[in-house]
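Worksheet for the structure shown next.
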Amino acid sequence: MRVRNVQRHGEENIELQMTPMIDIVFQLLVFFIMTFKIVSPEGDFNIRMPKDAPSEARPSDPLMLPPIQVRLAANSDGTLAGITMGGRTLKTFGALHLAIREIVGDDRGPGSIAESTEVEFDCDYQLKFEYVIQAITAVSGYVRDNRIIKVIEKIKFKPPRRAPGG
Amino acid sequence: MRFGRKGGAGFAEGDMTPMIDMTFQLIAFFMVLVNFSEADQNQRIRLPSSELAKPPDGPVQSPITLQLTDKGTIIFGPDETTLAGLRPLLARERTVIDNTPGRSTAEATVIIRADRNAQTGRVQEVIGVCQDVGFEKFALRAKQEEAGLQGGRT
(Lines give C-alpha, C1' and ligand atoms only; values in the text may rest on other atoms or scores of the structure.)
Protein backbone atom coordinates (compact mmCIF):
# COMPACT_ATOMS: atom_id res chain seq x y z
CA MET A 1 0.00 0.00 0.00
CA ARG A 2 1.22 3.36 -0.80
CA VAL A 3 0.47 6.20 1.40
CA ARG A 4 0.32 9.49 -0.31
CA ASN A 5 2.09 12.23 1.46
CA VAL A 6 -0.56 14.88 1.83
CA GLN A 7 1.56 17.10 4.00
CA ARG A 8 1.94 20.44 2.44
CA HIS A 9 5.18 22.14 2.13
CA GLY A 10 6.29 24.10 5.22
CA GLU A 11 3.81 22.41 7.57
CA GLU A 12 5.42 20.43 10.40
CA ASN A 13 4.04 17.19 11.73
CA ILE A 14 4.01 17.65 15.53
CA GLU A 15 4.28 14.40 17.41
CA LEU A 16 2.91 14.53 20.93
CA GLN A 17 5.21 13.00 23.52
CA MET A 18 3.05 10.59 25.44
CA THR A 19 5.68 9.13 27.75
CA PRO A 20 5.80 11.89 30.42
CA MET A 21 2.03 12.05 30.57
CA ILE A 22 1.71 8.31 31.02
CA ASP A 23 4.42 8.43 33.68
CA ILE A 24 2.49 11.02 35.68
CA VAL A 25 -0.80 9.26 35.16
CA PHE A 26 0.63 6.03 36.53
CA GLN A 27 2.16 7.88 39.46
CA LEU A 28 -1.27 9.29 40.27
CA LEU A 29 -2.86 5.89 39.89
CA VAL A 30 -0.37 4.27 42.24
CA PHE A 31 -0.88 7.09 44.78
CA PHE A 32 -4.63 6.67 44.81
CA ILE A 33 -4.43 2.88 44.97
CA MET A 34 -2.01 3.05 47.90
CA THR A 35 -4.09 5.58 49.85
CA PHE A 36 -7.41 3.90 49.13
CA LYS A 37 -9.23 2.64 52.16
CA ILE A 38 -12.61 1.06 52.25
CA VAL A 39 -14.52 2.91 54.94
CA SER A 40 -17.87 1.54 55.89
CA PRO A 41 -20.65 4.08 56.29
CA GLU A 42 -21.29 5.41 59.75
CA GLY A 43 -24.46 6.67 61.35
CA ASP A 44 -25.49 8.42 64.51
CA PHE A 45 -27.88 7.95 67.38
CA ASN A 46 -28.87 11.46 68.33
CA ILE A 47 -29.34 12.23 71.99
CA ARG A 48 -30.25 15.56 73.49
CA MET A 49 -28.95 15.79 77.04
CA PRO A 50 -28.78 19.27 78.54
CA LYS A 51 -27.01 19.35 81.87
CA ASP A 52 -29.81 20.89 83.90
CA ALA A 53 -32.64 18.82 82.48
CA PRO A 54 -32.19 15.21 83.54
CA SER A 55 -35.51 14.25 82.03
CA GLU A 56 -37.22 15.53 78.93
CA ALA A 57 -40.53 14.69 80.53
CA ARG A 58 -41.97 17.75 82.18
CA PRO A 59 -43.71 16.94 85.45
CA SER A 60 -46.55 19.26 84.58
CA ASP A 61 -47.34 17.35 81.43
CA PRO A 62 -49.85 14.60 82.27
CA LEU A 63 -49.30 12.87 78.93
CA MET A 64 -45.65 12.23 79.68
CA LEU A 65 -44.97 8.75 80.97
CA PRO A 66 -42.20 8.03 83.43
CA PRO A 67 -39.08 6.80 81.66
CA ILE A 68 -38.71 3.07 81.08
CA GLN A 69 -35.78 1.89 83.15
CA VAL A 70 -33.42 -0.50 81.40
CA ARG A 71 -30.64 -1.90 83.51
CA LEU A 72 -27.57 -3.30 81.78
CA ALA A 73 -25.37 -5.18 84.21
CA ALA A 74 -21.81 -6.13 83.36
CA ASN A 75 -19.34 -8.76 84.40
CA SER A 76 -15.93 -7.63 85.63
CA ASP A 77 -14.49 -8.05 82.11
CA GLY A 78 -17.10 -5.71 80.64
CA THR A 79 -19.25 -8.35 79.00
CA LEU A 80 -22.98 -8.22 79.45
CA ALA A 81 -24.24 -10.00 82.55
CA GLY A 82 -27.93 -9.28 82.20
CA ILE A 83 -30.69 -7.03 80.95
CA THR A 84 -33.51 -5.94 83.21
CA MET A 85 -36.45 -3.78 82.27
CA GLY A 86 -38.71 -2.66 85.07
CA GLY A 87 -37.83 -5.65 87.23
CA ARG A 88 -38.29 -8.07 84.36
CA THR A 89 -35.21 -10.02 83.32
CA LEU A 90 -34.64 -10.28 79.59
CA LYS A 91 -32.23 -12.69 78.01
CA THR A 92 -31.40 -10.98 74.75
CA PHE A 93 -31.60 -7.60 73.07
CA GLY A 94 -34.23 -9.13 70.80
CA ALA A 95 -36.37 -9.76 73.89
CA LEU A 96 -35.78 -6.17 74.99
CA HIS A 97 -36.94 -4.96 71.60
CA LEU A 98 -40.12 -7.02 71.80
CA ALA A 99 -40.79 -5.87 75.36
CA ILE A 100 -40.45 -2.23 74.32
CA ARG A 101 -42.80 -2.76 71.40
CA GLU A 102 -45.31 -4.40 73.74
CA ILE A 103 -45.34 -1.20 75.75
CA VAL A 104 -45.49 1.38 72.99
CA GLY A 105 -47.47 -0.66 70.47
CA ASP A 106 -47.43 0.13 66.78
CA ASP A 107 -48.80 3.62 67.18
CA ARG A 108 -46.39 6.14 65.68
CA GLY A 109 -46.37 9.82 64.98
CA PRO A 110 -47.15 12.98 66.90
CA GLY A 111 -48.85 12.40 70.24
CA SER A 112 -48.25 8.65 70.18
CA ILE A 113 -46.98 6.69 73.16
CA ALA A 114 -43.75 5.99 71.28
CA GLU A 115 -43.14 9.69 70.84
CA SER A 116 -43.70 10.60 74.47
CA THR A 117 -41.92 7.63 76.02
CA GLU A 118 -38.38 7.91 77.23
CA VAL A 119 -35.90 5.15 78.00
CA GLU A 120 -33.35 5.55 80.72
CA PHE A 121 -30.33 3.27 80.65
CA ASP A 122 -28.71 2.33 83.90
CA CYS A 123 -25.36 0.77 83.03
CA ASP A 124 -22.40 -0.55 84.92
CA TYR A 125 -19.26 1.55 84.47
CA GLN A 126 -17.19 -1.21 82.94
CA LEU A 127 -19.82 -2.39 80.46
CA LYS A 128 -18.44 -2.45 76.93
CA PHE A 129 -19.90 0.31 74.78
CA GLU A 130 -21.00 -2.09 72.04
CA TYR A 131 -23.70 -3.48 74.36
CA VAL A 132 -25.05 0.01 74.92
CA ILE A 133 -25.30 0.54 71.17
CA GLN A 134 -27.09 -2.80 70.85
CA ALA A 135 -29.51 -1.76 73.58
CA ILE A 136 -30.10 1.63 71.96
CA THR A 137 -30.69 -0.16 68.65
CA ALA A 138 -33.19 -2.47 70.33
CA VAL A 139 -35.25 0.34 71.82
CA SER A 140 -34.98 2.93 69.08
CA GLY A 141 -36.31 1.08 66.08
CA TYR A 142 -36.20 -1.73 63.59
CA VAL A 143 -35.82 -2.24 59.87
CA ARG A 144 -38.70 -3.39 57.72
CA ASP A 145 -38.54 -3.46 53.93
CA ASN A 146 -35.25 -1.55 54.05
CA ARG A 147 -36.94 1.28 55.94
CA ILE A 148 -36.17 2.24 59.51
CA ILE A 149 -39.25 2.26 61.72
CA LYS A 150 -38.56 4.39 64.78
CA VAL A 151 -39.83 3.20 68.15
CA ILE A 152 -38.41 5.30 70.98
CA GLU A 153 -36.08 8.16 70.21
CA LYS A 154 -35.76 9.79 73.62
CA ILE A 155 -32.87 8.17 75.37
CA LYS A 156 -30.96 9.18 78.45
CA PHE A 157 -28.50 7.67 80.89
CA LYS A 158 -28.31 7.34 84.61
CA PRO A 159 -24.90 8.03 86.12
CA PRO A 160 -22.81 4.88 85.68
CA ARG A 161 -22.59 2.37 88.48
CA ARG A 162 -19.09 1.71 89.59
CA ALA A 163 -18.13 -1.76 90.76
CA PRO A 164 -17.37 -1.95 94.49
CA GLY A 165 -13.78 -0.85 94.92
CA GLY A 166 -13.61 0.22 91.28
CA MET B 1 1.26 5.56 12.68
CA ARG B 2 3.88 5.39 10.03
CA PHE B 3 3.77 3.37 6.90
CA GLY B 4 6.27 2.41 4.37
CA ARG B 5 9.20 1.32 6.45
CA LYS B 6 11.85 -0.29 4.42
CA GLY B 7 13.00 -3.86 4.53
CA GLY B 8 10.01 -5.34 6.34
CA ALA B 9 11.53 -4.59 9.77
CA GLY B 10 8.22 -3.18 10.98
CA PHE B 11 8.20 -1.00 14.05
CA ALA B 12 4.94 -1.96 15.71
CA GLU B 13 3.48 0.93 17.68
CA GLY B 14 0.64 -0.12 19.93
CA ASP B 15 -2.42 2.04 20.18
CA MET B 16 -2.15 3.79 23.53
CA THR B 17 -5.60 5.34 23.58
CA PRO B 18 -7.59 2.52 25.28
CA MET B 19 -4.93 2.13 27.97
CA ILE B 20 -4.90 5.85 28.73
CA ASP B 21 -8.70 5.86 28.76
CA MET B 22 -8.79 3.06 31.29
CA THR B 23 -6.08 4.63 33.41
CA PHE B 24 -7.96 7.91 33.59
CA GLN B 25 -11.13 6.03 34.49
CA LEU B 26 -9.28 4.35 37.35
CA ILE B 27 -7.83 7.64 38.56
CA ALA B 28 -11.27 9.24 38.48
CA PHE B 29 -12.67 6.28 40.45
CA PHE B 30 -10.05 6.51 43.18
CA MET B 31 -10.25 10.30 43.33
CA VAL B 32 -14.00 10.17 43.89
CA LEU B 33 -13.67 7.57 46.63
CA VAL B 34 -10.67 9.06 48.36
CA ASN B 35 -11.38 9.86 51.98
CA PHE B 36 -9.99 13.21 53.06
CA SER B 37 -11.78 13.28 56.42
CA GLU B 38 -9.29 10.94 58.00
CA ALA B 39 -8.82 13.23 60.99
CA ASP B 40 -12.38 12.44 62.04
CA GLN B 41 -12.08 8.73 61.48
CA ASN B 42 -9.19 7.39 63.43
CA GLN B 43 -8.48 3.82 62.39
CA ARG B 44 -7.69 2.82 65.96
CA ILE B 45 -11.33 3.18 66.84
CA ARG B 46 -13.35 0.09 66.06
CA LEU B 47 -16.91 1.29 66.16
CA PRO B 48 -19.78 -0.84 67.38
CA SER B 49 -22.18 -1.74 64.62
CA SER B 50 -25.89 -1.19 64.33
CA GLU B 51 -28.32 -1.64 61.49
CA LEU B 52 -30.10 1.56 62.49
CA ALA B 53 -26.96 3.62 62.10
CA LYS B 54 -27.66 5.26 58.77
CA PRO B 55 -25.53 8.16 57.58
CA PRO B 56 -27.19 11.51 58.35
CA ASP B 57 -29.27 13.04 55.57
CA GLY B 58 -27.74 16.49 55.86
CA PRO B 59 -24.61 18.01 57.30
CA VAL B 60 -24.41 18.03 61.09
CA GLN B 61 -24.44 21.52 62.57
CA SER B 62 -21.14 22.61 64.12
CA PRO B 63 -19.84 19.07 64.58
CA ILE B 64 -17.19 18.36 67.18
CA THR B 65 -15.81 14.85 66.96
CA LEU B 66 -14.48 13.15 70.07
CA GLN B 67 -12.98 9.72 69.67
CA LEU B 68 -12.69 7.47 72.66
CA THR B 69 -10.16 4.67 72.50
CA ASP B 70 -10.55 1.34 74.25
CA LYS B 71 -7.81 2.47 76.65
CA GLY B 72 -9.95 5.40 77.76
CA THR B 73 -7.98 8.21 76.12
CA ILE B 74 -9.77 10.79 74.02
CA ILE B 75 -8.68 11.87 70.55
CA PHE B 76 -9.82 15.39 69.75
CA GLY B 77 -8.48 16.64 66.45
CA PRO B 78 -4.75 15.96 66.43
CA ASP B 79 -4.53 15.74 70.23
CA GLU B 80 -4.83 12.62 72.32
CA THR B 81 -5.79 13.64 75.80
CA THR B 82 -7.30 12.44 79.03
CA LEU B 83 -10.62 13.41 80.56
CA ALA B 84 -8.96 16.21 82.54
CA GLY B 85 -7.24 17.55 79.45
CA LEU B 86 -10.45 17.52 77.43
CA ARG B 87 -12.18 20.26 79.39
CA PRO B 88 -9.90 23.18 78.33
CA LEU B 89 -9.97 21.98 74.72
CA LEU B 90 -13.76 21.96 74.72
CA ALA B 91 -13.89 25.33 76.47
CA ARG B 92 -11.71 26.75 73.70
CA GLU B 93 -14.02 25.18 71.12
CA ARG B 94 -17.02 26.71 72.84
CA THR B 95 -15.42 30.15 72.71
CA VAL B 96 -14.87 29.75 68.97
CA ILE B 97 -18.47 28.65 68.42
CA ASP B 98 -19.93 31.43 70.58
CA ASN B 99 -17.89 34.03 68.71
CA THR B 100 -19.09 32.80 65.33
CA PRO B 101 -22.30 34.48 64.15
CA GLY B 102 -25.16 32.06 63.56
CA ARG B 103 -23.69 29.30 65.70
CA SER B 104 -24.43 28.44 69.29
CA THR B 105 -23.06 25.91 71.75
CA ALA B 106 -26.53 24.54 72.47
CA GLU B 107 -27.02 23.69 68.81
CA ALA B 108 -23.54 22.28 68.23
CA THR B 109 -23.40 18.50 67.99
CA VAL B 110 -20.75 16.50 69.77
CA ILE B 111 -20.13 13.34 67.78
CA ILE B 112 -18.80 10.59 69.99
CA ARG B 113 -16.90 7.86 68.19
CA ALA B 114 -16.25 5.43 70.99
CA ASP B 115 -14.48 2.13 70.53
CA ARG B 116 -16.72 -0.90 70.90
CA ASN B 117 -14.62 -2.05 73.85
CA ALA B 118 -14.56 1.33 75.59
CA GLN B 119 -16.15 1.43 79.01
CA THR B 120 -19.66 2.84 79.03
CA GLY B 121 -18.89 4.79 82.18
CA ARG B 122 -16.03 6.48 80.37
CA VAL B 123 -18.34 7.48 77.52
CA GLN B 124 -20.76 8.93 80.07
CA GLU B 125 -17.93 10.83 81.73
CA VAL B 126 -17.01 12.35 78.37
CA ILE B 127 -20.65 13.33 77.85
CA GLY B 128 -20.64 14.81 81.36
CA VAL B 129 -17.61 16.99 80.60
CA CYS B 130 -19.29 18.19 77.39
CA GLN B 131 -22.44 19.01 79.37
CA ASP B 132 -20.38 20.95 81.92
CA VAL B 133 -18.90 23.03 79.13
CA GLY B 134 -22.38 23.70 77.73
CA PHE B 135 -22.95 21.22 74.93
CA GLU B 136 -26.36 19.58 74.75
CA LYS B 137 -26.60 17.62 71.54
CA PHE B 138 -24.76 14.36 71.21
CA ALA B 139 -24.48 11.79 68.47
CA LEU B 140 -23.27 8.33 69.36
CA ARG B 141 -21.65 7.03 66.24
CA ALA B 142 -21.87 3.44 65.06
CA LYS B 143 -20.90 1.55 61.97
CA GLN B 144 -23.69 0.68 59.60
CA GLU B 145 -24.47 -3.00 59.73
CA GLU B 146 -25.97 -4.91 56.86
CA ALA B 147 -28.63 -7.60 57.19
CA GLY B 148 -31.23 -7.85 59.83
CA LEU B 149 -30.19 -8.63 63.33
CA GLN B 150 -33.45 -7.01 64.21
CA GLY B 151 -35.10 -7.94 60.97
CA GLY B 152 -35.25 -11.47 62.29
CA ARG B 153 -36.97 -10.49 65.45
CA THR B 154 -39.69 -8.32 63.98
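Below, chains carry the letters A, B, ... as their sequence lines are ordered, and counting in each starts from 1.
A:Ile22 touches chain B through its side chain: at least one heavy atom from C-beta onward sits under 4.5 Å away, while N, CA, C and O do not. Contact annotation for A:Asp124: only backbone heavy atoms (N, CA, C, O) come within less than 4.5 Å of a heavy atom of chain B. Contacts between B:Ile127 and chain A at a heavy-atom distance below 4.5 Å involve the side chain alone, from C-beta outward. Contacts between A:Val132 and chain B at a heavy-atom distance below 4.5 Å involve the side chain alone, from C-beta outward. Residue B:Asp70 does not touch chain A at all, counting heavy-atom pairs closer than 4.5 Å. Contacts between A:Thr92 and chain B at a heavy-atom distance below 4.5 Å are absent for every atom of the residue. Of the two parts of B:Leu26, the backbone and the side chain both hold a non-hydrogen atom closer than 4.5 Å to a non-hydrogen atom of chain A. Residue contact with chain A, scored on non-hydrogen atoms closer than 4.5 Å, involves the side chain of B:Ile20 exclusively.
For chain B, the option among A:Leu127, A:Ile136, A:Ile149, A:Asn46 with the highest count of heavy-atom pairs below 4.5 Å is A:Leu127. Across B:Glu136, B:Met16, B:Glu125, the residue that shares the most heavy-atom pairs under 4.5 angstrom with chain A is B:Glu136.
Closest heavy-atom contact between A:Phe45 and B:Ala53: CZ-N, 4.4 Å. Between B:Phe30 and A:Leu29, the shortest heavy-atom contact is CD1-CD1, 4.2 Å. Of all heavy-atom pairs spanning B:Asn117 and A:Lys128, the tightest one is OD1-CD, 3.4 Å. A pairwise comparison of heavy atoms in A:Ile133 and B:Pro48 identifies CG1-CG, 3.5 Å as the closest pair. Across all their heavy atoms, A:Ile148 and B:Leu52 have their closest contact at CD1-O, 3.7 Å.
At least one donor-acceptor pair under 3.5 Å links the side chain of B:Gln124 to the backbone N or O of A:Lys158.
Both A:Phe32 and A:Met21 are members of a single hydrophobic cluster when ILVMFWY side chains are connected at heavy-atom separations under 4.5 Å. Taking hydrophobic clusters as Ile, Leu, Val, Met, Phe, Trp and Tyr residues chained together by side-chain heavy-atom distances below 4.5 Å, B:Phe29 does not share a cluster with A:Val30. Neither A:Met18 nor B:Met22 shares a network with the other; the hydrophobic side chains, linked directly or stepwise wherever heavy atoms of I, L, V, M, F, W or Y lie under 4.5 Å apart, form separate groups for each.
Heavy-atom contacts from other residues, nucleotides or ligands closer than 6.0 Å to CG of B:Asn99 number more than 12. Atom CZ of B:Arg103 is surrounded by more than 12 heavy atoms from other residues, nucleotides or ligands within 6.0 Å.
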Subject >> Candidate pair B:Leu140 and A:Phe129, rule side-chain contact (heavy atoms from CB on, under 4.5 Å), full reasoning >> reply: CA-CA 10 Å; B:Leu140 301 179; A:Phe129 183 62; 4.3 Å; yes
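To the nearest 0.5 Å, atoms CG (A:Leu72) and OG1 (B:Thr120) are separated by 8.0 Å. Separating the CZ atom in B:Arg122 from the OH atom in A:Tyr125 is a distance of 5.0 Å, to the nearest 0.5 Å.
Each of B:Arg46, B:Lys143, B:Arg113 was compared with A:Glu42 under the salt bridge (charged side-chain N to carboxylate O under 4.0 Å, His left out) criterion, and only B:Arg113 meets it.
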